[in-house]
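Following: one structure in structure tokens, then a few remarks.
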Amino acid sequence: MRKYQRGRDKKLTEIVCNCCGRKLALSDGILTEAVCRIEVEWGYFSEKDGEIHCLDICEECYDKLIQNFAVPPKIESQVEIF
């Protein structure tokens with residue numbers, strides 16, 4: 001869950017893991033650790049039609065969560081090009 005400073009700037013002030021409740025590291029409004037951001041706009045064929053759900057999951061909770069998946073996520077290596 002993300003919290004922002006009120007006012008025009010809307011600077012990011014806090015990110016909390018929705019699973020474990022741990023505050024994630026920020027430095028001057030910039031996230032300094034890995035996070036899985038999920039944003040879902042539920043549609044017509046859902047019991048949540050018209051709702052938007054946003055959540056943040058820390059890397060440790062993400063690793064625990066995907067262990068329970070019947071079909072694991074596809075994982076690819078990312079190569080940096082200089």
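For this chain, numbers begin at 1 and follow the sequence in order.
Judged as a side chain to side chain donor-acceptor pair (under 3.5 Å), and not counting sequence neighbours, Gln5 has no contacts.
Inter-residue side-chain proximity for Leu65 and Asp63 is flagged as unmet; no heavy-atom pair is nearer than 4.5 Å. In this structure the side chain of Tyr62 never reaches within 4.5 angstrom of the side chain of Cys17, judged on heavy atoms. Using a 4.5 Å heavy-atom threshold, the side chains of Ile52 and Val40 count as separate. Leu24 places none of its side-chain heavy atoms less than 4.5 Å from the side chain of Val16. Considering only heavy atoms from C-beta on, Cys19 stays 4.5 Å or farther from Cys58 through its side chain.
Think of Val71 as one node in a network of Ile, Leu, Val, Met, Phe, Trp and Tyr side chains linked at under 4.5 Å; it has no links at all. In this structure, Met1 stands alone, with no Ile, Leu, Val, Met, Phe, Trp or Tyr side-chain heavy atom under 4.5 Å from its own, directly or through other members.
Sorted by first and then second residue, the pairs that involve residues 69-82 and meet side-chain hydrogen bond (donor to acceptor under 3.5 Å, both in side chains), not counting sequence neighbours, are Lys74-Glu76. Among residues at least two apart or in separate chains, ring pair (Phe, Tyr, Trp, His ring centres under 6.0 Å) pairs with a member in residues 8-52 are Trp42-His53. The list of ring pair (Phe, Tyr, Trp, His ring centres under 6.0 Å) pairs with a residue in residues 7-29, not counting sequence neighbours, is empty.
The pair Glu14-Arg2 does not meet the salt-bridge criterion, since no charged nitrogen lies less than 4.0 angstrom from a carboxylate oxygen. A salt bridge does not link Lys23 to Glu33: none of the charged nitrogens lies less than 4.0 Å from a carboxylate oxygen.
Of the possible polar contacts, none joining the Asp56 side chain to the Arg37 backbone as a donor-acceptor pair under 3.5 Å is found. Side chain of Thr32 to backbone of Ser27: no donor-acceptor contact under 3.5 angstrom is found.
Other residues, nucleotides and ligands place no more than 12 heavy atoms under 6.0 Å from the NZ atom of Lys3.
None of Asp28, Leu26, Ile30 except one satisfies the side-chain contact (heavy atoms from CB on, under 4.5 Å) rule with Lys11; the exception is Asp28.
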